[in-house]
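Heads up, the thing below is written out as structure tokens.
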Amino acid sequence: MQKISAEAASELGIPFVSWGVVTVILPDGFSFDDIEKSFIKELNALLRFYAIRGALNGVVRSLQSLEIFKLFTGLGEPAFAPQSLIPSLSKFELSVKRVRLEIEKNE
């Protein structure tokens with residue numbers, strides 16, 4: 001579903017904010033397909049714990065909202081692709097780390 005939404009946003013010329021690993025994909029920047037998807041394994045490992053799915057989803061949606069707020073207001077620096085925000089849960093303590101995603105080489 002994210003791929004379809006990212007393609008539609010690109011065609012409309014508007015930014016797309018991804019779910020899970022939160023990154024802002026600009027229409028004239030990297031595409032959704034360019035971004036390395038290895039982060040999905042880490043996220044899926046977290047989602048195995050049914051008890052935290054709702055909380056994790058709430059955190060990710062809040063991060064998405066914050067990135068959109070930054071785009072509209074110009075306050076702060078959005079995590080433009082390949083920069084990304086990744087929620088992490090270690091020993092049931094939530095943290096958010098800013099990482100640089102790898103870009104897939106399409107040859």
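As the structure is a prediction and not an experimental result, all values here were calculated from the model. Along the sequence shown, residues are numbered consecutively beginning with 1.
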Review point. Should Pro27 and Ile14 count as side-chain neighbours, where that means a heavy-atom distance under 4.5 Å?
Key: no
Review point. Looking only at heavy atoms, what is the nearest atom pair of Ile25 and Phe30, with distance?
Key: CG2-O, 3.0 Å
Revision key, fill the gap. Leu85 and Pro87 have their tightest heavy-atom pair at O-CD, 4.0 Å
Determine whether a donor-acceptor pair (N or O, by modelled atom type, separation under 3.5 Å) exists between the side chain of [X] and the backbone of [Y].
X: Glu67; Y: Thr23; result: no
X: Ser84; Y: Val22; result: yes
X: Ser65; Y: Arg61; result: yes

So, taking the atom named [atom1] in [X] and the one named [atom2] in [Y], what distance separates them when rounded to the nearest 0.5 Å?
X: Gln2; Y: Phe32; atom1: CD; atom2: CZ; result: 4.5 Å
X: Ser18; Y: Leu101; atom1: OG; atom2: CG; result: 8.0 Å
X: Leu66; Y: Leu71; atom1: CG; atom2: CG; result: 10.0 Å
X: Ile86; Y: Ser95; atom1: CD1; atom2: OG; result: 10.5 Å
X: Asp33; Y: Lys3; atom1: CG; atom2: NZ; result: 4.0 Å
X: Gln64; Y: Phe16; atom1: CD; atom2: CZ; result: 7.5 Å

Check your understanding: Is it the case that one hydrophobic cluster holds both Phe69 and Phe80, taking links as side-chain heavy atoms less than 4.5 Å apart, direct or via other members?
Key -> no
**Study point:** same_hphob_cluster(Leu63, Phe72) at 4.5 Å side-chain heavy-atom cutoff
**Key:** yes
Exercise for review: Test Gln83 against Arg98 for side chain to side chain contact (heavy atoms under 4.5 Å, CB included), laying out the working first.
Suggested key: CA-CA 7 Å; Gln83 296 296 316; Arg98 184 178 273 253; 4.0 Å; yes
